[in-house]
Amino acid sequence: NISVGGRELIVDGSVTLSFGRHYGLIGRNGTGKTTLLRHMAMHAIDGIPRNCQILHVEQEVVGDNTSVLQCILNTDMERTQLLEEEARL
């Protein structure tokens, strides 16, 4: 179950995912797609393995001069942490 602000978005939901597959969600605005992905990415749902990567893209992004490649690299938190550690060392 997932609820936000007292509004239940998903009740008694279940999902089965297969290793090595890529999935996407589609549906009307406000149905809980982003909320579900956020919960999955935070491993706030029982049964999501810690080694399972769940990535989602914000629906609205302010445009700037950042290249597409740099935007993608910026989302890699492990890479960012390693680069920060390298700079400290």
Side-chain angles (χ1 to χ4, degrees):
N1 294 344
I2 296 177
S3 60
V4 174
R7 178 179 170 218
E8 291 186 336
L9 297 176
I10 300 173
V11 177
D12 294 330
S14 67
V15 62
T16 301
L17 304 175
S18 298
F19 179 79
R21 302 294 300 244
H22 295 206
Y23 296 90
L25 294 176
I26 58 171
R28 294 184 332 270
N29 288 343
T31 58
K33 298 179 301 293
T34 300
T35 301
L36 172 62
L37 288 175
R38 283 186 182 140
H39 278 72
M40 290 175 72
M42 293 184 303
H43 299 280
I45 298 175
D46 291 337
I48 302 288
R50 284 281 170 199
N51 64 342
C52 181
Q53 286 187 326
I54 300 160
L55 308 171
H56 59 93
V57 179
E58 291 297 324
Q59 294 177 2
E60 296 180 24
V61 178
V62 177
D64 60 17
N65 291 331
T66 306
S67 70
V68 172
L69 176 59
Q70 191 59 52
C71 285
I72 293 169
L73 292 174
N74 290 347
T75 64
D76 187 342
M77 302 311 286
E78 182 179 2
R79 178 183 176 275
T80 301
Q81 291 171 349
L82 289 171
L83 289 172
E84 289 171 358
E85 183 177 342
E86 177 186 40
R88 279 194 312 267
L89 296 173

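Contact between Ser3 and Glu8 at its shortest, heavy atoms only, is CB-CA, 3.8 Å. Taking all atoms of both residues into account, the shortest heavy-atom contact from Gly32 to Leu9 is CA-CD1, 3.9 Å. Nearest heavy atom pair, residue Thr66 against residue Cys71, reads CG2-SG, 3.6 Å. Smallest separation of non-hydrogen atoms from Ile2 and His39: CG2-CE1, 3.7 Å. Of all non-hydrogen atoms in Val4 and Thr35, the two that sit nearest each other are CG2-CG2, 3.7 Å. In terms of heavy atoms, Val15 sits closest to Leu17 at CG2-CD2, 3.8 Å.
Around OH of Tyr23, the count of heavy atoms belonging to other residues, nucleotides or ligands within 6.0 Å exceeds 12. Within 6.0 Å of atom CD in Gln70, more than 12 heavy atoms from other residues, nucleotides or ligands are found, so the atom counts as buried in its surroundings. Shown here is Asn65, whose CG atom has no more than 12 heavy atoms of other residues, nucleotides or ligands within 6.0 Å. Heavy-atom contacts from other residues, nucleotides or ligands closer than 6.0 Å to CE of Met42 number more than 12.
The line from OG1 of Thr80 to CD of Glu84 is 6.5 Å long, rounded to the nearest 0.5 Å. Here the CG-CD1 distance, from Leu37 to Ile45, works out to 9.0 Å after rounding to the nearest 0.5 Å.
In the hydrophobic cluster analysis, where Ile, Leu, Val, Met, Phe, Trp and Tyr join through side-chain heavy atoms closer than 4.5 angstrom, Leu73 is grouped apart from Leu83.
At least one side-chain heavy atom of Asn1 sits less than 4.5 Å from a side-chain heavy atom of Asp12.
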